[in-house]
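Have a look at the structure below, then the notes.
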Number of protein chains: 2
Amino acid sequence: MGEKGKPEPGSRNAARRTTIYDLAALAEASASAVSAVLNGTWKKRRISERLAERILRVAEEQGYSVNLQASVLRREKSNIVGMIMPKYDNRYFGAIAERFEARARAQGLFPVITCTQRDPELEFEAAREMISYQVECLIATGATDPDRISDFCAAAGVQAINLDLPGGRAPSVVSDNFGGARDLAHLLLERAPHEPLLFIGGRPSDHNTAERIRGFRAAHADRGIPLPESAILACGYAAEKAEAALEARAGALPRGLFVNSTITLEGVVRWLRRQSPPAPVEIGTFDWDPFAALLPDCVGMVEQDVAGMLEEVFRLIGHAPEAGLRIEVPTILRRHL
Amino acid sequence: MGEKGKPEPGSRNAARRTTIYDLAALAEASASAVSAVLNGTWKKRRISERLAERILRVAEEQGYSVNLQASVLRREKSNIVGMIMPKYDNRYFGAIAERFEARARAQGLFPVITCTQRDPELEFEAAREMISYQVECLIATGATDPDRISDFCAAAGVQAINLDLPGGRAPSVVSDNFGGARDLAHLLLERAPHEPLLFIGGRPSDHNTAERIRGFRAAHADRGIPLPESAILACGYAAEKAEAALEARAGALPRGLFVNSTITLEGVVRWLRRQSPPAPVEIGTFDWDPFAALLPDCVGMVEQDVAGMLEEVFRLIGHAPEAGLRIEVPTILRRHL
DNA sequence: CAATCATGCTACATCGATTGAGCACGGTTG
DNA sequence: CAACCGTGCTCAATCGATGTAGCATGATTG
């Protein structure tokens, strides 16, 4: 009766988990019947209501749960969607992770996220591992080298999507960095007209920073305010780098500061705290954080539309759009006071 | 030659991934040899250097990566460690997630985290799913019902560990909430002696809140300061609840505020911003956040020792300690200014 | 020279779930 | 009564990797 020489069911060998063969023996049915009942295909497979109930009862009693490794191996469909993410240490990435999981679950997919510390090697290893787990689709968020991951996925026949940072070899969903930055710069310029702002943080080689600088310039151009080269301090994202850059800067600080990320903002505020007399500034930051929003000088933040971006990502999953596709999602300007 | 009637290797059927059988055909070797070479057991299995190199070259060329479903199924060992986490939206949980992943990888385990939105049903479903993926060990962080998860794991023969919030049915690693709260209360009392503080946030039924209240009381007792019942406003964690509780409170605000979480702090600061004239307060908060630390009134925060806690968790993995074990890890008091 | 041993490799059963093929049985139909 | 159909179920192959058992071959020993 399909016992296959395994230890007697019920012997409760702590090392071995209950399988459909154990349930089959207990319910006096075949493993096929058990499988069909437990995965919901039993009506189609013409199993009687009576047997189905018996099997379900036994499964319940034994606290059975499928071995998904076996199931996935056989079905050749994992329903796993993977995401690679640089860090979990800010609200933006945290929100992406939460939303991604919720959205995946809502359509019956199993989300797996892993964080790669902005380390290109770890990023690649993580991608390889996800592919080994047979993910249906791999989403690379803020990857340092998205194209390498896209190519690797392509070779394995796995769909890849870039989020936040675009790439050329897979479809990308990104914020409208240009528009968001222009709006934020306008907000600051409204409050201190005629004087150019200071842009601080990020790397000019980075796509997102480049787009934000473009938006920053556009806002000044819209208002006919000439922008000296010294108004752009793309000194890296790290808080310490921002502090050092401000320390090294010559001349008076302009009233309006455009800060390129919340992590940069940490350095900016720490530096400002040390000045006496305090510099009268108004700060706008790209990205949103609830506590940063409560800082007295902080007059506005750009919140990225995480829900909207993930909606686009999930629209793409399973639909193999062309690699060059780039979807830009508008950002949300939050004014304080 | 072991082709098993599969489609010709090299036919590049996009739908089918390369397997060891394909590699075996290409390298003119057996699937066993390929497997042994790729998983590193080839020396023990007396495969020649020459064949090993040939196989590795072919594998490289084909961009092969193992099917871990098949591998795990056969080995009956997944090397997956699972973690269930309520949210990703604050620094504490973010740090736990990052550290957990780094620590797991460091010892060759594959970390899988899933966030369950403090929803008991989702928590349980997530645990079931992790067990279906054959995790070696499941860590429940801040679970609403840790014992239910522990029992379920026990039935499946999977090790369970509680983190942050203790349970009775599995070993638990938690912060020393009592000690941390007492130290933070002392810090506030040093600065405004003789007057009792106000405790705000959390639920008294919650283990961590109860311990922190105990520490809060102890600090007052240490200094012989009598504590009225009204000094404890355990109104829930949410920011809105804190705002409402402060609004409803009668009498002048004491100088020292003991805030039970960063999310509660958000509400407290928003309420304070609305008062005029501004209330002269000094705030200490349990949990740490870099921007909250920059708020002008914030004189101290308790940082939980995430690295230390995870060190303890990983010490327990694979060592099946008694279910009642509770490990308390000291917290770190951060004074500002 | 026969017996023994080391070396280098392969055949095949196995992990647990899934699923196409097909068996047995009772009821209809022409 | 034979041919046919529907119902309820089981058999056995399969997914890809692993590892035990074992087969050749050539070298070494008594």
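A, B, ... follow the sequence lines: proteins, then strands. Residue 1 opens every chain.
- Pairs passing the salt bridge (Lys or Arg N to Asp or Glu O under 4.0 Å) check and including a residue from residues 106-122 of chain A, sequence neighbours excluded, read A/E121-A/R148.
- In this structure, A/N79 places its CG atom 17 Å from P of C/dA17, rounding to the nearest Å.
- Applying the salt bridge (Lys or Arg N to Asp or Glu O under 4.0 Å) definition to pairs two or more places apart or across chains, none involves residues 107-117 of chain B.
- As a whole-Å value, the separation of B/E28 CD from C/dC9 P is 13 Å.
- The distance between atom CD of A/Q134 and atom P of D/dC15, rounded to the nearest whole Å, is 14 Å.
- Scanning for side-chain contact (heavy atoms from CB on, under 4.5 Å) contacts around A/P120 gives A/T144, with sequence neighbours left out.
- Axis angle between the ends of the helix from C/dC1-D/dG30 to C/dG30-D/dC1, five pairs each and rounded to 10 degrees, works out to 60°.
- Using a 4.0 Å heavy-atom cutoff across all strands shown, B/S35 reaches at least one base atom of the nucleic acid.
- Judged as a side chain to side chain donor-acceptor pair (under 3.5 Å), and not counting sequence neighbours, the contacts of A/E312 are A/R315.
- Between A/L38 and A/L23 the shortest side-chain heavy-atom distance falls below 4.5 Å.
- The shortest distance between the side-chain N/O atoms of A/Y64 and the OP1/OP2 oxygens of C/dA17 is below 4.0 Å.
- Side chain B/S32 to base C/dA11: a donor-acceptor pair is found below 3.5 Å.
- Here D/dC15 presents its C1' atom at 9 Å from OH of B/Y21, a figure rounded to the nearest Å.
- Remark: A/S30 is in phosphate contact with D/dT10, judged by side-chain N or O atoms under 4.0 Å from OP1 or OP2.
- Per the geometry, CG belonging to A/L38 stands 13 Å off C1' belonging to C/dG16, to the nearest Å.
- What separates CD of B/E76 from P of D/dG19 is a distance of 11 Å, to the nearest Å.
- Here the P atom of nucleotide D/dA13 and the CZ atom of A/R74 are 12 Å apart, to the nearest Å.
- Ion pairing between a basic and an acidic side chain is recognised when a charged N comes within 4.0 Å of a carboxylate O; A/R57 and A/E61 show such pairing.
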Between the protein and nucleotides 24-28 of chain D, which nitrogen or oxygen pairs come in under 3.5 angstrom?
none

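- Under 3.5 Å, the side chain of A/R75 and the base of C/dT18 form no donor-acceptor pair of N or O atoms.
- Evaluation of the salt bridge (Lys or Arg N to Asp or Glu O under 4.0 Å) test over residues 157-169 of chain B, restricted to residues two or more places apart or in two chains, returns B/D151-B/R169.
- Side-chain contact, A/T41 with A/R45: no donor N or O sits under 3.5 Å from an acceptor N or O.
- For the ring-ring contact (aromatic ring centres under 6.0 Å, His included) condition, the pairs that include at least one residue of residues 51-88 of chain B, sequence neighbours left out, are A/Y88-B/Y88.
- Against DNA chain C, the stretch residues 39-52 of chain B makes heavy-atom approaches under 4.0 Å through B/R45, B/R46, B/I47, B/S48, B/L51.
- Evaluation of the salt bridge (charged side-chain N to carboxylate O under 4.0 Å, His left out) rule for A/E76 yields no partner, not counting sequence neighbours.
- For residues 104-114 of chain B, the pairs satisfying salt bridge (Lys or Arg N to Asp or Glu O under 4.0 Å) are A/E129-B/R105, B/E101-B/R105, with sequence neighbours left out.
- Among residues at least two apart or in separate chains, ring-ring contact (aromatic ring centres under 6.0 Å, His included) pairs with a member in residues 124-148 of chain B are A/F110-B/Y133, B/F124-B/F152.
- Going from atom CD1 of A/I20 over to atom C1' of C/dT18 covers 8 Å, rounded to whole Å.
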